[in-house]
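Notes to accompany the following structure.
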Amino acid sequence: MTILIENTRTGRKEVFEPRNDPVRMYVCGMTPKDLPHLGHAFMFIHMDVIRRYLEYSGYSVHHVQNFTDIDDKIIDRAIKADRDPMDWSQEHTEAYFKVMDRLKVLRAHEFPRVTESIPAIIQDVQQLIRSGHAYVTSTGVYFDAGSFPTYGELSGRTSDDGLAGARVAVDEEKKDVRDWALWKVDSTGPIGWESPWGRGRPGWHIECSTMIQETLGSHIDIHGGGIDLVFPHHENEIAQAEAATQETPFVSYWTHTGLILTDGEKMAHSSGNFTTVTDVLSKVAPDVLRLYLLSVHYRSPLHFSALALQQTKTGYERLLGVLRTRGQDESPDNNALSKSGLEIRKTFESSMNDDFNTPRAIGAIYEFGRTINRLAPTSSVTNVTEAKNIFIELLEVLGITLYEPETNSSNIEPYINMLVAVRQQLREANKWDLADQIRDDLADLGVIIEDTADGTDWRLA
RNA sequence: GGCGACGUAGCCAAGUGGUAAGGCAGGGGUCUGCAAAACCCUUAUCCUGGGUUCGAUUCCCAGCGUCGCCUCCA
């Protein structure tokens, strides 16, 4: 079974053949300047599923994800809030963990931070200057794009024609408009480190190149991030890393996730039109949000819609319903369900093998749920349990752990049981009005009553 | 201006050169004291106009529309 991954660099689906064991995977993390929004959730959840699926497929994965915990925006935001920039980014780094843990995004094995990588960054910049790929000006150190012949390959900007009408700030000292800062000299700012070029801080792109080399080495198998990072960030990362190490290509597979759109435009901190993850999680369970975000292919844009989210919630409740399905004690074992389980696993895997097609995989899981419900009345308890285990296992690969809402105070249970028992007596006495009244009243309190052939079940809404 | 993505049912969303997964909603049933849950049946010819082909929603061209990158961005 081979896995195909669409590689941004080539624009094609390629057979996944990692060069490293464990697989080296780097995901561009957040600049912790504000709370994580749905766009972050989309990217990190899809990257999480890629990692989970590789692990499901038998690979070991070494996953590294950075925090760009100091940059111009963080400093701006902190100053405006009259806060220390380091505290500000630390606070938002913690917010990231809090939210992503709730979303069951597996933690990376390492989380390098810019502020902890300054010496290595300075070394890398020195190395780039020595090798003629960078030069010093009065404002800092710049990478010389012209010194890297394949600059622009990732994003398809192989010539500088495209920059003609671009809004690029003019800097007289820069040799080329494409050049970018590796080190920004800043003698008076609130945050700075000493360097051979004066007190200052790293430019935006160099940190990723450095931290990748520090944690994973000169070659990695998978590099992920949002598609808005392709240019210039990832383009520059390639130039910096490959110019320094001569390792080409330093990334085997570039994977980029589509953007979340809201009100017809990209969700972003900078434009202010973002919905925080925490906000959404106050309305739906983490699993529902995951299911919603995974119901679109990772490369596609997603127009956030509160209506679609609600629709997903209803669908999710159907998945939960599958867990309540029971086989028949007196039914003999038969292989109908296990056969279906094998088929569904195959469909699931072929979907995921095809560039991690989560929407198709989810479709297969829904179908399997329906099959379980349909066959349960004529299947043994063992058959149904086995099928449900596959159902649960496949959802787990997507990071979705089905669970019933917890009874927050377990001592309400005897009272509900008592009401159910009383209601049962009323039903046996044909006092339907009273029995229905109890059912309705409990429903108002968030307790769902369902009468089945085997008796009455209840659960919390 | 340059580069790129997308346009599939009421909503969300897969997919294929030979008449289109799945979810939600709707309609009709089965089951149930009623209901709920569950199950069954049912609801699209794929933006427009050309072209290639025996045949295109799927390939090519043009147009219209939406979005992204080129500045910070996941």
Side-chain angles (χ1 to χ4, degrees), chain A residues 8 11 27-31 33-34 36-44 46-47 68 71-73 76 152 155-169 177-178 204 224-233 235 256-261 264-271 274 291-292 295-297 299-303 305 307-319 321-322 324-325 347 351 354 357-367 369-377 427 430-433 435-436 439-440 443 448-453 456-457 459:
Chain A
T8 307
V27 176
C28 261
M30 277 189 74
T31 299
K33 61 176 178 290
D34 207 329
H37 63 235
L38 286 176
H40 299 115
F42 183 80
M43 195 278 275
F44 291 121
H46 274 282
M47 288 297 153
T68 300
D71 87 329
D72 297 4
K73 294 280 175 178
D76 289 350
S155 56
R157 290 158 216 261
T158 45
S159 75
D160 52 6
D161 296 348
L163 290 167
R167 295 158 291 174
V168 176
V177 287
R178 299 177 302 170
W204 175 33
I227 200 166
D228 53 347
L229 294 183
V230 172
F231 188 92
H233 187 241
E235 196 69 72
H256 289 104
T257 55
L259 303 175
I260 297 264
L261 308 172
E265 70 169 15
K266 179 175 130 180
M267 183 176 288
H269 281 152
S270 51
S271 50
F274 62 93
L291 190 60
Y292 173 63
S295 69
V296 181
H297 185 79
R299 285 194 168 264
S300 302
L302 186 155
H303 291 82
S305 149
L307 175 63
L309 183 64
Q310 277 309 117
Q311 293 177 340
T312 302
K313 186 179 178 184
T314 311
Y316 177 73
E317 278 158 12
R318 236 161 83 67
L319 296 179
V322 175
R324 296 195 295 270
T325 303
T347 304
S351 302
D354 185 10
N357 194 325
T358 52
R360 214 159 75 199
I362 289 169
I365 289 172
Y366 269 107
E367 269 190 299
R370 180 153 30 84
T371 302
I372 293 172
N373 284 333
R374 187 177 59 238
L375 297 182
R427 293 178 71 214
N430 289 338
K431 295 186 174 169
W432 307 118
D433 286 354
D436 291 352
R439 183 172 63 198
D440 292 347
I448 296 169
I449 296 292
E450 289 179 2
D451 298 321
T452 73
T456 298
D457 291 334
R459 63 193 157 88

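Each chain gets a letter, A, B and so on, in the order the sequences are listed, and its residues count up from 1.
Looking at every heavy atom in both residues, A:Tyr366 comes nearest to A:Tyr316 through OH-N, 3.7 Å. A pairwise comparison of heavy atoms in A:Thr325 and A:Ala376 identifies CG2-CB, 3.1 Å as the closest pair. Scanning both residues, A:Phe42 and A:His297, for their nearest heavy atoms gives CZ-O, 3.9 Å.
Rounded to the nearest Å, the gap between the C1' atom of B:C41 and that of B:U52 is 41 Å.
Pairing for B:U32 is absent, with no Watson-Crick or G-U wobble pair whose two atom distances lie under 3.5 Å. Partner assigned to B:A56 is none, using Watson-Crick or G-U wobble distances below 3.5 angstrom. Of the nucleotides present, none pairs with B:A21 by Watson-Crick or G-U wobble criteria with both distances under 3.5 Å. Pairing for B:A5 is with B:U66, a Watson-Crick or G-U wobble pair whose two hydrogen-bonding atom distances lie under 3.5 Å.
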Protein-to-nucleotide contact annotation, 5' to 3' order, nucleotides 27-42 of chain B [B base; S sugar-phosphate only; - none; under 4.0 Å, heavy atom]: ------BBBBSSSS--

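Comparing B:C24, B:G23, B:A14 by their nearest atom to the side chain of A:Thr314 picks out B:C24. The side chain of A:Leu307 lies closest to B:C11 when the candidates are B:G15, B:C72, B:C11. Of the candidate nucleotides B:A74, B:A13, B:G22, B:G22 has the atom lying nearest to any side-chain atom of A:Glu367.
OP1 or OP2 of B:U71 has not a single side-chain nitrogen or oxygen of A:Lys73 nearer than 4.0 Å. The phosphate of B:A74 has OP1 or OP2 within less than 4.0 Å of a side-chain N or O from A:Thr31. Between A:Lys313 and B:G23 there is no side-chain polar atom (N or O) within less than 4.0 angstrom of OP1 or OP2. Contact annotation: A:Thr8 side-chain N/O to B:G4 OP1/OP2 distance is not under 4.0 Å.
Taking atom OH of residue A:Tyr366 and atom P of nucleotide B:G22, one finds them 13 Å apart after rounding to whole Å. Counting to the nearest Å, the P atom of B:C67 and the NZ atom of A:Lys266 are 14 Å from each other. The separation between A:Arg178 atom CZ and B:G2 atom P is 19 Å, rounded to whole Å. Atom pair A:Ile260:CD1 and B:A13:C1' shows a separation of 14 Å (rounding to whole Å applied). B:A74 atom P lies 11 Å from atom CZ of A:Phe274, rounded to whole Å. Rounded to an integer number of Å, the gap from CZ of A:Arg299 to P of B:G15 is 13 Å. The distance between atom CZ of A:Phe231 and atom C1' of B:C72, rounded to the nearest whole Å, is 14 Å.
For the pair A:Gly264 and A:Phe44, both in contact range of RNA chain B, the more 5′-proximal nearest nucleotide belongs to A:Gly264. Heavy-atom distances to RNA chain B give each of A:Pro359 and A:Gly29 a nearest nucleotide, and the one nearer the 5′ end belongs to A:Pro359.
Residue-to-nucleotide contacts include a donor-acceptor pair under 3.5 Å from the side chain of A:Arg157 to the base of B:C69. One donor-acceptor pair, N or O on each side, does fall under 3.5 Å between the base of B:G23 and the side chain of A:Gln311.
Annotation: side chain of A:Arg439 is in contact with side chain of A:Asp436 (closest heavy-atom distance under 4.5 Å). A:Leu302 has its side chain out of reach of A:Leu38: every pair of non-hydrogen atoms, C-beta onward, lies at least 4.5 Å apart. Contact of the A:Arg459 side chain with the A:Arg324 side chain is registered, since non-hydrogen atoms from C-beta on lie closer than 4.5 Å.
Using a 4.0 Å heavy-atom criterion, one finds that A:Gly39 contacts the bases of the nucleic acid, with or without backbone contacts as well. Using a 4.0 Å heavy-atom distance criterion, A:Val296 is classed as a sugar-phosphate-only contact. Within the 4.0 angstrom heavy-atom criterion, only backbone atoms of the sugar-phosphate kind lie near A:Glu265; the bases stay farther away. Counting non-hydrogen atoms under 4.0 angstrom, A:Lys431 reaches nothing in the nucleic acid. No contact: A:Met47 has no heavy atom under 4.0 Å from any strand. A:His297 comes within contact range of the sugar-phosphate backbone alone, with a heavy-atom separation under 4.0 Å but no base atom that close. Nucleic acid contact for A:Leu259: base, since at least one base atom lies under 4.0 Å from a heavy atom of the residue. Contacts of A:Gly224 with the nucleic acid, taken as non-hydrogen atoms under 4.0 Å apart, are absent.
Among A:Met43, A:His256, A:Lys266, the single residue meeting the side chain to side chain contact (heavy atoms under 4.5 Å, CB included) criterion with A:Asp228 is A:Lys266.
Residue A:Asp433 qualifies as open at atom CG: its count of foreign heavy atoms under 6.0 Å is 12 or below.
Separation of atoms OG1 (A:Thr68) and CE (A:Met30) is listed at 10.0 Å; rounding is to 0.5 Å.
Between A:His37 and A:Phe274, the ring planes lie tilted relative to each other; the angle falls in the 30° to 60° range.
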